[in-house]
Amino acid sequence: MDSFSTVIRTASHEQHVEAETSSFMSDLLGGRLGVDAYARYTEQLWFVYEALESGAGRLAADPVAGPFIQPELYRLGALERDLEHLRGADWRTGLTALPATQAYADRVRECVTEWPAGYIAHHYTRYLGDLSGGQIIRDKAERTWGFERKGDGVRFYVFEGIANPAAFKRGYRELLDGVRVDELEQQRIVTECKKAFALNTAVFRALGEEFPLSA
Ligand code: HEM
């Protein structure tokens, strides 16, 4: 039988391709969008990570989700520095969540309060992705909009507390494999992971509609 980390990875593969190749992401990685689109995207991430991290402390003692609560992953502080750079000191003033972002953040918060095992699906989808493909996005953003390498504007993608991302990801997969829930609950987590990808794709779709300049 496949390990849980393999099951969750395989099950979400198709949606990963869909997210990766969404028009907004393609335009972003293709260098076709202005820095305003990147800033708008970063703002949306703020709402998602606020939901992922603001109540996470409460989950630290949870037998299932607890081992995943690792402060070196936290992104909210880095996002706030990036937004200050991108939007200025009063970045909070114009900060708004797209309806798709609101729906995503609401679902994450629901898991935080009501379903810790489901929170793992959201945790995996974002943080393991940020540690992987996020590095490609950072590199592209630095080159397209001239941010200082690993500096303000792209700090979200820089995990200061993780010296060896490959090793960290191996450890993370071990954590997934050690999740002690029955098979049905495992399936529910996998389903939630697919939902997490779909929620991300919906945000990309909304951003694509706001910044439709792709060719
Ligand atoms: C253009 C955007 C993206 C690129 C280029 C990209 C690229 C990659 C790459 C190369 C990996 C493999 C890393 C490895 O095996 O160690 C990966 C893994 C991953 N990505 Fe993405 N990705 C993108 C977008 C996303 C998005 C939007 C999400 C979800 C929100 C996501 C979630 C993940 C996850 C969860 C993994 C870990 C899979 C696993 O090993 O279990 N990625 N990505």
Side-chain angles (χ1 to χ4, degrees), residues 2-33 37-38 40-53 65 67-68 70 73 75-76 79 97-98 100-101 103-105 107-108 111 118-145 154 156-159 162-179 186 189-208 211 214:
D2 283 334
S3 62
F4 186 46
S5 62
T6 303
V7 170
I8 199 164
R9 180 184 207 177
T10 310
S12 56
H13 177 74
E14 215 170 294
Q15 267 127 325
H16 185 275
V17 174
E18 198 183 333
E20 209 178 337
T21 54
S22 66
S23 75
F24 183 77
M25 256 304 140
S26 307
D27 287 347
L28 202 75
L29 292 177
R32 290 187 288 275
L33 290 170
Y38 176 75
R40 187 81 170 118
Y41 171 48
T42 306
E43 287 178 343
Q44 304 313 300
L45 291 174
W46 184 87
F47 288 98
V48 174
Y49 285 83
E50 204 274 329
L52 278 167
E53 294 170 11
F68 289 86
Q70 303 169 82
L73 286 172
R75 301 287 82 207
L76 202 57
L79 278 168
L98 289 160
T101 307
Y104 186 3
R107 179 60 188 158
V108 172
C111 288
Y119 175 80
I120 295 173
H122 291 282
H123 193 277
Y124 163 79
T125 305
R126 283 303 337 175
Y127 294 111
L128 221 57
D130 300 332
L131 279 164
S132 311
Q135 302 315 302
I136 299 166
I137 300 173
R138 174 177 61 76
D139 181 63
K140 196 67 206 182
E142 287 165 359
R143 289 197 267 152
T144 307
W145 301 295
V154 291
F156 169 72
Y157 302 97
V158 183
F159 289 83
I162 298 176
N164 184 341
F168 187 91
K169 283 194 281 185
R170 277 196 298 278
Y172 193 97
R173 290 194 184 102
E174 281 167 21
L175 277 186
L176 283 173
D177 294 340
V179 167
Q186 274 201 11
I189 298 173
V190 169
T191 302
E192 188 66 22
C193 177
K194 291 184 184 178
K195 184 170 181 159
F197 270 93
L199 288 163
N200 277 280
T201 305
V203 173
F204 289 153
R205 198 176 305 124
L207 285 166
F211 298 95
S214 78

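When a ligand or atom number is given, it counts from 1 through the structure's own listing order. This is a predicted model, so every value here is computed, not measured.
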Review point. Considering only heavy atoms, which protein residues lie less than 4.0 Å from any atom of ligand 1?
Key: Arg9, His16, Ala19, Glu20, Met25, Leu29, Tyr124, Thr125, Arg126, Leu128, Gly129, Ser132, Gly133, Ile136, Lys169, Arg173, Phe197, Asn200, Phe204

Practice item. Using the test side-chain hydrogen bond (donor to acceptor under 3.5 Å, both in side chains), find all partners of Tyr104 that sit at least two apart in sequence or belong to another chain. Key: Asn200

Revision key, fill the gap. Heavy-atom nearest pair, Ala105 first then Ala51, reads O-CB, 3.6 Å

Review point. What distance separates His122 NE2 from Lys195 NZ, expressed to the nearest 0.5 Å?
Key: 7.0 Å

Point to revise | Lys/Arg-Asp/Glu bridge criterion (N-O < 4.0 Å) met for Arg138, Glu142 | key: yes

Review point. Under 6.0 Å from the six-membered ring centre of Phe159 and within 45° of its axis: does the NZ or CZ of Arg75 meet both?
Key: yes

Check your understanding: Is the number of heavy atoms from other residues, nucleotides or ligands within 6.0 Å of NZ (Lys194) greater than 12?
Key -> no

